[in-house]
Amino acid sequence: MAGDDPQADKTKPVMLILVGAPGSGKTTFCNDVMSADRRPWVRICQDTIANGKAGTKQQCLKSAAEALKDDKSVFIDRCNLEQEQRADFVKLGRTQADVHAMVLNLPARLCISRSVKRTGHEGNLQGGKAAAVVNRMMQKKELPKLSEGFCRITFCLNEKDVKEAVDAYIALGPSDSLPSGIFGQKSEDAKVQLGIMKFLKKVEIPKNVPPNENSQVSAAKRESKGDVSCSMELEKGCNKNGTAEDEFCGKSVVGDCSRDDFHTLAFPSISTSDFQFNHEKASDIITEVVADFLNKVDNVRLILVDLSHKSRILSLVRAKAAKKHIDSNKFLTHVGDITRLHTEGGLHCNVIANAANWRLKPGGGGVNAAIFKAAGEALEIATKQHAETLSPGNSVVIPLPSNSPLHQREGVTHVIHVLGPNMNPQRPNCLNNDYVQGGKVLRDAYTSLFENFASISRSKLNQKIQKESNRKSSTGYSDNRCDLAKDTTCDHTSENVQKAKREISHEYEKNKKCKGLPSGFDSKDELMEHDCVGSSIRSKSSSFSAKHDDNRNESSVPTSMLEEKVHTHQKISEESKRSWGSWAQALHQIAMHPEKHKDVILEMSDEFVVLNDLYPKARKHLLVLSRASGLDTLADARREHLPLLKAMHSAGLKLAEKLYTDDAFMMFRLGYHSVPSLQQLHLHVISQDFDSPHLKNKKHWNSFTTAFFRDSADVIEEIEKSGRATLNDDEKLLLMELRCHRCKSAHPNIPRLKSHIANCKTSFPSSLIQNGRLVFASMKAAA
DNA sequence: GTTCTAGAAC
DNA sequence: GTTCTAGAAC
């Protein structure tokens, strides 16, 4: 079995892929190492592979595979300057070998002069032609990265470096291995190497290699027995302990994290440091919550980070994660500085968690101080914009502005502040050894953290999906649509449209006959056409009628937004399709005759149109209006409408992204009113600032902030499961007391509420964070 | 959906 | 006296 046979460990071969222009000395390098004859090496050279003549890449791959099968180490002696040229070799090698790169990044001048001088070169690249070829190749050069699947990369910039590298590989006996990481880069890259060396500090200088002043290329031998204190992912990258981990070689976190479709959260252990939470108990909770989360969510990776090799929490978690068979591709531990995961650890973690304090202030030492320091003022400002305090068991996402050093240097796009329970009597709110409560709070903290992370990840994935769907559907769009994806000024455009609409509206408001003007209802003709005087009668009761099944299970009604469960006794309605007042048909008219409303339509497809809400209840408030005939409200939606609902949802997400403005970390919700006032199914895409003069009364507020508002994601899920959406259509919902949608505080009237929400920075309730209900619109800044 | 306004609340 | 709500009309 994997890892059981120490002999097998000893013979694990190396695939060394040389990277360098003609004349850089690749062949010489191979010959020098092979001359020492300390392990069986085979040199695969494309220039000679076909019976001494130039062959194909396939032939090289075949020969390499055969050599590896015989447990021989191989040199891939071809230029390999571009990633694509190396990829197949890496793929082949990493299943059975440690894949290294040797970059002979010598000055082009030197390579050219060697090429020009040489005679009888295998590749027949001689004379004056060489200069042009070398120059061209150098231009296309892509230096190898760990993320390609290498577990070790050595850069040689001059002949001295080459000599040292040769010595390192000469010293590599059959049972030796070289440490993982990047070696030999100068200037800023030196840090990379340092970091790697730091967390691989158990390396030893191998026998037969004299100590070298350039430790970067000094060969080192890793302890062959499980070096638990080493960073797991890199350790695994080249571990010799068996095939299960061999699988992992070259497929390190580094590689996967850098892929667009993979999102990685690095997080410190919460509460186990200064807050003195019992490590044994904490490790149980971490593994439990992690396992649960990873069962639910794909395309994400979690990395628990601690500074010390001696970290007890890391070893406990590692052991428990292994016991629980948590996928080691998705959950890893790492020893290192969470603020230098990329530069020192070679890891790409787009999201990091911070063990914050309740005031969300910098300082205090530990991870919190380090992250605030590394992220600079940008994080402080962004944090203040988002939340002022945090309660234990909660977390809050802060999109990290692109001017933050942590963003620029480490590629971190979001910091999630988390607050766990405090067990330290020296600190505020100590739980006095109450591990029942403490355990709950810690579990909540991790759950909140991971859910927040997932919502970021979802947004990113949605972007991708939308890009695809845009490509597919763009041909179906009308000519007059405003392509938000292309036009960054479109925001203004749509506002202009709206402004124009308001002006039109204003004109008609002068006409006492038509006081109200529904959203998007614009031309005079249209108004007249639809009988402003009112041909149909709408009673109060009919405005709340809905043709949905009243017998649904009330227990399934989500009440997360409510302080108390509201019953539906006051529901009026039911039996027949409601009648719509003339003013209530405006959206319907637009949907049925979009060609007559080109001036308000921002975007159009066969399935829906997008327009600004004429009376926006927030800074950004748009409608994605279904064009399906007969689909008046959410109550009418059935399984057959799922493709439409999903397309509308996707359009809504796209809008949320495009509507991002620099001065606000805008968050959106996408959803439907349980009982809409206007005919024709329409999805609200509304920013959560609710900063608008049009938000005037209790009904406005409650229709967007109570369970009356049905999140699109939930609606889709419910229809998928049960064939219809749950409607929370109790009138009481709209008459409820006015409560802040963030901190849930109650306010006596709308003006007071509005002045409160203008300043409330409390993080959004976790119920909104779940299931992607809250959409982050600042991804553009983060990208 | 909005507007208007009487009268309640402060 | 002023602010705010809620019902009615559209």
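In what follows, chains are A, B, ... by sequence order, proteins preceding strands, each numbered from 1.
Remark: Arg742(A) is positioned above the aromatic ring of Phe764(A), its terminal NZ or CZ atom under 6.0 angstrom from the ring centre and at most 45 degrees off the axis.
For dT2(B), the OP1/OP2 oxygens have a side-chain nitrogen or oxygen of His700(A) closer than 4.0 Å.
His682(A) has its NE2 atom 9 Å from the C1' atom of dG1(B), to the nearest Å. Rounded to whole angstrom, the span from the CH2 atom of Trp583(A) across to the P atom of dG1(B) amounts to 8 Å. In this entry the distance linking CG of Leu734(A) with P of dG7(C) reads 12 Å, nearest Å. Rounded to an integer number of Å, the gap from NE2 of His694(A) to C1' of dT2(B) is 10 Å. We find that CG of Asp613(A) is positioned 8 Å from P of dG1(B), with the value rounded to whole Å.
Judged by distance alone, with hydrogens and angles left aside, the side-chain atoms of Trp701(A) form no donor-acceptor pair with the main-chain N or O of Cys740(A) at under 3.5 Å.
Checking Lys617(A), Arg619(A), Lys620(A) one by one against Asp691(A), the side chain to side chain donor-acceptor pair (under 3.5 Å) holds for a single residue, Arg619(A).
The pair Lys654(A)-Glu603(A) counts as a salt bridge, with a side-chain nitrogen and a carboxylate oxygen less than 4.0 angstrom apart.
No side-chain donor-acceptor contact under 3.5 Å links Ser692(A) and His621(A).
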Strictly under 3.5 Å: I want the nitrogen or oxygen pairs between protein and nucleotides 3-6 of chain C, one per line.
{"residue": "dT5(C)", "atom": "OP1", "partner": "Ile750(A)", "partner atom": "N", "Å": "2.9"}

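Evaluation of the salt bridge (charged side-chain N to carboxylate O under 4.0 Å, His left out) test over residues 378-389 of chain A, restricted to residues two or more places apart or in two chains, returns none.
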